[in-house]
Amino acid sequence: MQEDVLGTRRTAVTETYVTCARCGKATRLRYARVIETDVLSEGNSEYEYICPECQKALASGEKDLPLG
């Protein structure tokens, strides 16, 4: 589903979107921050992106997403 949303946005808008590795939210590439992948993560890439909201949460000392 997330890929469908990103594909639609790429078609309608010329700006590139990436998926936040922490929360899964689609965010503009220019606002995303590149981070190194956690050794235990399921991703195949050495680097991932995080959105501005997750950047703020991590900067304030939050470790994981709150259980919701």
Side-chain angles (χ1 to χ4, degrees):
M1 174 70 182
Q2 190 70 12
E3 288 139 5
D4 293 338
V5 171
L6 289 175
T8 302
R9 287 186 181 170
R10 285 187 186 127
T11 303
V13 180
T14 58
E15 195 159 0
T16 302
Y17 281 78
V18 294
T19 302
C20 178
R22 188 166 179 262
C23 69
K25 176 181 163 186
T27 189
R28 291 180 180 171
L29 178 59
R30 69 172 146 169
Y31 299 129
R33 180 174 172 208
V34 177
I35 59 167
E36 287 189 51
T37 304
D38 184 4
V39 176
L40 301 175
S41 77
E42 297 175 12
N44 295 328
S45 178
E46 189 175 343
Y47 297 97
E48 296 177 325
Y49 298 99
I50 58 172
C51 68
E53 290 81 13
C54 288
Q55 291 175 39
K56 290 177 189 174
L58 292 172
S60 68
E62 188 176 315
K63 300 294 180 194
D64 293 320
L65 288 173
L67 298 174

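Below, each value reflects all heavy atoms present in this structure, side chains not excepted, and no hydrogens, waters or symmetry copies.
- Under a hydrophobic-cluster definition in which Ile, Leu, Val, Met, Phe, Trp and Tyr are linked whenever side-chain heavy atoms come within less than 4.5 Å, directly or via other members, Tyr31 and Val34 are assigned to different clusters.
- Listed by chain and number, the residues in a side-chain contact (heavy atoms from CB on, under 4.5 Å) with Ala57 are Arg22, Glu62 (sequence neighbours excluded).
- Cys54 SG to Lys25 NZ: the interatomic distance, rounded to the nearest 0.5 Å, is 8.0 Å.
- In this structure, Cys20 SG and Arg33 CZ are separated by 11.5 Å, a value rounded to the nearest 0.5 Å.
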Worked verdict on Tyr17 versus Thr27 for side-chain contact (heavy atoms from CB on, under 4.5 Å): CA-CA 5 Å; Tyr17 281 78; Thr27 189; 5.6 Å; no
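- Contacts of Gln55 classified as side-chain hydrogen bond (donor to acceptor under 3.5 Å, both in side chains), with partners at least two apart in sequence or in another chain: none.
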